[in-house]
Amino acid sequence: MKAKQVEKWVWILIYSGLLLLCLSLFVLRRGSALAYVLMVLGALLVPAGVFLIVLRSRMPPDEE
């Protein structure tokens, strides 16, 4: 995987995870089980994005 692709996925994972966490707080007011599903998904996506940041920091720079 190229460094540019990793950088793209970092932002996608982090922002979508944070969005799902915020959305789960609004859905939680309704007492829905969907809120917990969204919360777990968001809580998994953010660390995956952080892991990709660490992975990208260890990759060699792109040749442009």
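Small disclaimer: the values here were computed from a predicted structure and weren't measured.
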Inset, instruction - Each residue besides Phe26 in its hydrophobic cluster should be listed here, by chain and number; the cluster joins Ile, Leu, Val, Met, Phe, Trp and Tyr at side-chain heavy-atom distances under 4.5 Å. - result: none

Please table the atom pairs, donor to acceptor, closer than 3.5 Å between any side-chain atom in residues 38-57 and protein atoms at least two apart or in another chain.
| from | atom 1 | to | atom 2 | distance (Å) |
| --- | --- | --- | --- | --- |
| Arg56 | NE | Glu7 | OE2 | 3.0 |
| Arg56 | NH2 | Glu7 | OE2 | 3.3 |
| Ser57 | OG | Val54 | O | 2.6 |

Which pairs of donor and acceptor atoms, one on a side chain in residues 12-21, lie under 3.5 Å apart (sequence neighbours left out)?
| from | atom 1 | to | atom 2 | distance (Å) |
| --- | --- | --- | --- | --- |
| Ser16 | OG | Ile12 | O | 2.6 |
| Ser16 | OG | Leu13 | O | 3.3 |

Legend entry - Residue pairs involving residues 31-50 (criterion salt bridge (charged side-chain N to carboxylate O under 4.0 Å, His left out); sequence neighbours excluded): none

Inset, instruction - Quick one: list whatever passes side chain to side chain donor-acceptor pair (under 3.5 Å) with Gln5, sequence neighbours left out. - result: none

Legend entry - Listed partners of Trp9 passing ring pair (Phe, Tyr, Trp, His ring centres under 6.0 Å), at least two apart: none

Inset, instruction - Grab the two heavy atoms, one from Ser24 and one from Ala35, that are nearest each other, plus how far apart they are. - result: CB-O, 3.3 Å

